[in-house]
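Just so we're on the same page: letters track the sequence lines, and every chain starts at 1.
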There are 2 protein chains.
Amino acid sequence: MDAQPKDLPTNPSTPTRTARARPRGRGYASGDARRTRILNIALQEFAENGYRGTSLARIAERAELTQAGLLHHFRSKQELLVAVLDLRDRMDTEHLDLGVLPLGGAAALDKLAELAEHNRNIPGLVQLFTVLTGEAVTTDHPAHGWAQDRYAMLRSGITASLEAGRASGELRADIDPPAVAAQVFAMMDGLQLQWLLDPEHVDMATLFRDYVEHLLRRIRA
Amino acid sequence: MDAQPKDLPTNPSTPTRTARARPRGRGYASGDARRTRILNIALQEFAENGYRGTSLARIAERAELTQAGLLHHFRSKQELLVAVLDLRDRMDTEHLDLGVLPLGGAAALDKLAELAEHNRNIPGLVQLFTVLTGEAVTTDHPAHGWAQDRYAMLRSGITASLEAGRASGELRADIDPPAVAAQVFAMMDGLQLQWLLDPEHVDMATLFRDYVEHLLRRIRA
DNA sequence: CACAAAACCTATTGCACGGTAGCTTTGTGA
DNA sequence: TCACAAAGCTACCGTGCAATAGGTTTTGTG
C-alpha cells in the first residue's frame, strides 16, 4: 500500500558512534542496526498516523521487540520523533545539497522541480512531512520548533540562491527573493497535499515544474 | 491567544429542525443553543489539537456539561467532527458564493485574494482546516473523504470560472484551467501553513495577492 | 395539569497509552 | 575468561480515553 523507504544506508563503513554520554568507542553492531530499524519503522508509522496517532507498542511490535525494549533505545516517544526528524533532515540535506552550495537562482529552482519529480516515488516520506507539519502547527506540539526552523532554513536557502542569481545578473534586479522563496515552498507543499489526497487527479511534479517554468520566465533577466 | 470564532448565527428565524429521526416539530430552544455552543468549542479544540489530540471530556468541560451529556447531542466523537466540518462548509459557501455563481476567471481569483486577506483575522479557522487536512491525508482518518471531496469541489469551482473566462475571451485560450485551479489552492494552503508557523515572517495575504496578480498577467488575453 | 420527550446526570466499563522498576541475557574488550 | 555495559525482557502503574447503562430533572405542548 505504502512506499517503503527501504534500506537506509546502515553506514557500516563509518564507525561513528551515535553521540552518547558515553565517550568510549565501544559499540554494539546489533544495537545500531536495531536503532536504524526502529527509526525506519517509526518513520512509516508517524507518516501513516501522525505523532499523536502512533503508539510505541505498535512500532515495537513491528520491530520485533517489546515496548520496554524500544524505550531502552529511545527514552521517550518524543525523543524517538526527534530522532526520526533528524535522520530525515540529514539524509535530505545530503541528497539535495541545497543551501550548502548556493546555486544560481535558476539552477536551484530547477533542482526543486527535480526534487518534486523524485518525490513521486516516495509518497511515504512526503506524507511524513505533510502530516507532521500539519500537526506541528499547534504550538505545544513536540515538532513545532522543528517545523518552524525547517521552513526558515528552506526559505533562507532559496533566498540566498535567488540573491546570488540577481547579483550575477542572471535574474532581474527587481525581484523579491524572500517572497519568491516562500511562494515556491508554498506551491510545493500545497501540491503535495492535494497529490496525497488524490494522486489520480493531481500530478504534483508536473504542476510544480509548470509553476517553476512560468516563474523563471518572469524573473529571468 | 487564539482567534475566537464567536457567535455563530443561531439562525433564530428559521425554525428548521435539526434533521432527526423524530418528525415532530417540537424542539428545545436550549437544545439547539447547546448544540451550537458545543460545535464552536469543538471547532476550537479540533483546530488547536487536531482530531486525535482532542478529547470529548475537554470539550464537554468547556461547554459546561458532562462528557455523557455531550454524547447525548452527538453520539460519537466522529459524528461531532463531521458536524463541525459540515457547519464550516455551509458557512463558508454562504459567505463566499464561489462556485455557485461562476464568476469570470479574473473576478474569481480576485475573490480568493480577498478571502486570503479576510483569513488574516481568523487564524483559528485557518488552523482548523490546516491541521485537519494534514491529519486527514491518512486513509483511515474520519475526515479523509471530506478532505478529498472538499478539494475536488474547490478545484472544480475555480476550474469552471476559468473556463467561463476563457470562453468569454477574458482569458487566453491556451490556459489549462484544472492545472491553474490546483496551483491556486496549493499556493493558498502552502502560504497558510507557513503563516501559521511564522506569522511574523510570512505575510500570506500579500504573498497570495502577489501570486494572483502575476498569474493574471500571464493568463489574461 | 399530565405526560412524553428532550436534556443531562452518575457510575462504570474496557481498553490503550506512555513510562518506570528491576531483572536476565548477550556480546565484547581487557 | 571474566567483568561490565548494552540489550532486552516481564510486570506493573497511573492515566486518559470513548462509549454505554440506566437513572433523574427539565420543558414544552395538548
Side-chain angles (χ1 to χ4, degrees), chain A residues 15 17-39 41-42 45-46 48-84 135 140-143, chain B residues 12 15 17-39 41-42 45-46 48-84 140-143:
Chain A
R17 309 268 42 248
T18 324
R20 295 195 145 257
R22 187 130 249 280
R24 276 279 236 38
R26 275 270 208 90
Y28 272 35
S30 78
D32 273 7
R34 258 276 197 270
R35 249 167 306 229
T36 26
R37 172 110 189 270
I38 292 171
L39 282 175
I41 293 173
E45 288 294 320
F46 285 142
E48 199 61 42
N49 308 307
Y51 177 72
R52 295 195 243 247
T54 295
S55 80
L56 294 180
R58 172 141 176 76
I59 296 174
E61 189 192 4
R62 287 189 51 194
E64 286 165 304
L65 41 53
T66 58
Q67 186 231 28
L70 196 163
L71 284 170
H72 168 73
H73 294 284
F74 303 93
R75 273 171 306 189
S76 72
K77 188 183 181 183
Q78 189 165 338
E79 188 176 309
L80 178 56
L81 174 67
V82 170
V84 168
E135 254 187 314
D140 64 331
H141 193 280
Chain B
R17 310 270 38 250
T18 322
R20 297 192 144 257
R22 185 133 249 281
R24 272 283 236 34
R26 273 272 208 90
Y28 272 35
S30 77
D32 272 7
R34 257 275 197 272
R35 245 159 273 146
T36 25
R37 172 109 187 272
I38 291 170
L39 282 175
I41 292 173
E45 289 294 322
F46 284 142
E48 199 61 42
N49 307 307
Y51 176 72
R52 297 195 242 246
T54 295
S55 80
L56 294 179
R58 170 140 178 77
I59 296 174
E61 189 191 5
R62 289 189 50 193
E64 285 164 305
L65 40 53
T66 58
Q67 185 232 30
L70 196 163
L71 284 171
H72 167 74
H73 294 284
F74 303 93
R75 274 170 306 187
S76 72
K77 189 184 180 183
Q78 189 165 339
E79 188 176 309
L80 177 57
L81 174 66
V82 170
V84 168
D140 64 331
H141 194 279

Exercise. What distance do Glu48(B) atom CD and Thr54(B) atom OG1 have between them, rounded to the nearest 0.5 Å?
Worked result: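 Here the interatomic distance stands at 9.0 Å.
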
Problem set entry | Spacing of Leu65(A) atom CG and Leu70(A) atom CG [to the nearest 0.5 Å] |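 It comes to 6.0 Å.
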
Spacing between [X] atom [atom1] and [N] atom [atom2], to the nearest angstrom:
| X | N | atom1 | atom2 | answer |
| --- | --- | --- | --- | --- |
| Leu80(B) | dA19(D) | CG | P | 10 Å |
| Asp32(A) | dT26(C) | CG | P | 20 Å |
| Arg35(A) | dG8(D) | CZ | P | 9 Å |
| Phe74(A) | dT20(C) | CZ | C1' | 19 Å |
| Leu81(B) | dA18(D) | CG | C1' | 14 Å |
| Asn49(B) | dG16(D) | CG | P | 15 Å |

For this session: Would you mind building the protein contact string for nucleotides 9-15 of chain C? One character per nucleotide, 5' to 3', B for base within reach (heavy atoms under 4.0 Å), S for sugar-phosphate only, - for untouched.
Result: SB-----

Does [N] have OP1 or OP2 sitting under 4.0 Å from an N or O in the side chain of [X]?
| X | N | answer |
| --- | --- | --- |
| Arg58(B) | dG16(D) | no |
| His73(A) | dA6(D) | no |
| Arg52(B) | dC17(D) | no |
| Ser55(B) | dG16(D) | no |

For [X], what residues pass the side-chain contact (heavy atoms from CB on, under 4.5 Å) criterion, not counting sequence neighbours?
| X | answer |
| --- | --- |
| Ala143(A) | Leu81(A), Leu85(A), Ala136(A), His141(A), Trp146(A) |
| Leu71(A) | Leu56(A), Gln67(A) |
| Ser76(A) | Gln78(A), Glu79(A) |
| Ser55(A) | Ala57(A), Arg58(A) |

For this session: Assign Leu71(A) to base, sugar-phosphate, or nothing according to its heavy-atom contacts below 4.0 angstrom with the strands shown.
Result: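 It contacts base atoms.
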
Problem set entry | Set of residues satisfying side-chain hydrogen bond (donor to acceptor under 3.5 Å, both in side chains) with respect to Arg52(A), sequence neighbours excluded |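 side-chain hydrogen bond (donor to acceptor under 3.5 Å, both in side chains) check on Arg52(A) returns nothing, list empty.
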
